[in-house]
Each structure stands twice: as structure tokens, then as C-alpha cells.
Peer 1: 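Sharing a structure with you now.
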Amino acid sequence: MKNQTLDIKKLIARFGGRMELWRRMNARGYELSVKTIEKWGERNSVPSARIMELLELATYEKHPINLNDYMVR
């Protein structure tokens, strides 16, 4: 089976980009910097704990996401 990864830039864009994602996450109580989000895009990687926060944020905002929509095949 081939490794599958998430398209992190697409995931960040789904939340309105780095600045908007930062604003929304901090408003929800998830403290992080814009630079952290920028590094996710550069590495195309997000720590699993942060993925869980993104899923929770999307659900809280009543727009849940399916990570399968962001898989690079």
C-alpha cells in the first residue's frame, strides 16, 4: 500500500488561510503562532494533536471536515 499524506496547504486554505486559521484557533483557545501554521505548510505536516484540534474547530463551527477530502493519493 502506498503512503498517503494530507495536502496541508489545501487544509489550511479550507480555514481561510494562515492568518484566518490562526485567528480562529486562538479564538477557540488553541494557542499557537502564525509562524507555526506557516511551518505546517512548508513541511506539509501537522502534528496529530493539532489535526485533532482542526477537526474539533471545524465541528464547533458546524462545518465538519472529512480528512479523506485532503488526501494526496
Side-chain angles (χ1 to χ4, degrees):
M1 182 203 275
K2 188 177 183 182
N3 275 347
Q4 295 181 335
T5 60
L6 291 174
D7 183 339
I8 300 304
K9 289 179 182 169
K10 182 179 176 183
L11 186 59
I12 292 170
R14 182 258 183 240
F15 286 95
R18 300 186 310 250
M19 293 297 293
E20 182 62 15
L21 176 56
W22 170 80
R23 185 191 68 73
R24 289 158 73 176
M25 287 191 76
N26 277 276
R28 186 74 182 127
Y30 302 126
E31 295 182 18
L32 73 165
S33 67
V34 174
K35 187 68 174 170
T36 297
I37 297 170
E38 192 174 295
K39 287 289 185 187
W40 295 349
E42 289 173 6
R43 290 189 318 259
N44 200 46
S45 176
V46 177
S48 58
R50 293 295 191 180
I51 293 285
M52 298 306 292
E53 292 171 355
L54 292 172
L55 292 171
E56 191 280 331
L57 176 63
T59 300
Y60 172 78
E61 293 178 342
K62 302 202 183 330
H63 298 308
I65 56 177
N66 181 340
L67 291 180
N68 287 322
D69 296 338
Y70 299 90
M71 296 302 291
V72 176
R73 298 185 191 327

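Count residues from 1 along the sequence.
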Peer 1: To the nearest 0.5 Å, what is the distance between NZ (K39) and CD (E42)?
Peer 2: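 It comes to 4.5 Å.
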Peer 1: Can you get from L55 to W22 by hopping between Ile, Leu, Val, Met, Phe, Trp and Tyr side chains that sit under 4.5 Å apart?
Peer 2: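 They do share one cluster, since a chain of ILVMFWY contacts under 4.5 Å joins L55 to W22.
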Peer 1: Rounded to the nearest 0.5 Å, how far does OG of S33 lie from CE of M25?
Peer 2: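 Atom-to-atom, M25:CE and S33:OG are 11.0 Å apart.
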Peer 1: Could you walk me through whether L6 and V46 pass the side chain to side chain contact (heavy atoms under 4.5 Å, CB included) test, one step at a time?
Peer 2: CA-CA 9 Å; L6 291 174; V46 177; over 6 Å; no
Peer 1: Decide whether I65 and Y60 are clustered together by the hydrophobic rule: side chain heavy atoms of Ile, Leu, Val, Met, Phe, Trp, Tyr closer than 4.5 Å, transitively.
Peer 2: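 Shared cluster, no.
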Peer 1: What's the spacing between L11 CG and I51 CD1 if we round to 0.5 Å?
Peer 2: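 Atom-to-atom, L11:CG and I51:CD1 are 6.0 Å apart.
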Peer 1: Is there a donor-acceptor contact under 3.5 Å from the side chain of K10 to the main chain of V72?
Peer 2: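 No, the answer is negative, given that no donor and acceptor are paired below the 3.5 Å cut-off.
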Peer 1: When rounded to the nearest 0.5 angstrom, what is the spacing between CG in L21 and CD in E38?
Peer 2: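 Going from the CG atom of L21 to the CD atom of E38 covers 12.5 Å.
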Peer 1: Are V34 and W40 linked, directly or through intermediate hydrophobic residues, by side-chain heavy-atom contacts shorter than 4.5 Å (ILVMFWY only)?
Peer 2: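 Linked, W40 and V34 end up in one cluster.
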Peer 1: Is it the case that one hydrophobic cluster holds both Y30 and L67, taking links as side-chain heavy atoms less than 4.5 Å apart, direct or via other members?
Peer 2: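 Yes.
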Peer 1: Less than 4.5 Å apart, any side-chain heavy atom of H63 and any of R14?
Peer 2: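 In short, these two side chains touch, coming nearer than 4.5 Å.
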Peer 1: When you measure from the side chain of D7 to the backbone N and O of Y70, does any donor-acceptor pair fall under 3.5 Å?
Peer 2: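 Not confirmed, D7 side chain does not pair with Y70 backbone.
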Peer 1: Let's go through E31 and N26 carefully: what are the C-alpha distance in whole Å and the side-chain angles of both, what is the deciding distance for side chain to side chain contact (heavy atoms under 4.5 Å, CB included) to 0.1 Å, and is it a yes or a no?
Peer 2: CA-CA 5 Å; E31 295 182 18; N26 277 276; 4.2 Å; yes
Peer 1: Nearest 0.5 Å, what's the CD-CD1 distance between E20 and I37?
Peer 2: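 Taking CD in E20 and CD1 in I37, the distance rounds to 10.0 Å.
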Peer 1: CZ of R50 to OG1 of T36: how many Å apart, nearest 0.5 Å?
Peer 2: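 Separation between the atoms: 7.0 Å.
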Peer 1: Between F15 and R24, is there a cation-pi geometry (under 6.0 Å to ring centre, at most 45° from the normal)?
Peer 2: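 The answer is no; the distance or angle limit is not met.
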Peer 1: Do L57 and M52 sit in one hydrophobic cluster, given that two such residues count as connected whenever their side-chain heavy atoms are within less than 4.5 Å of each other, even indirectly?
Peer 2: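 In one cluster: yes.
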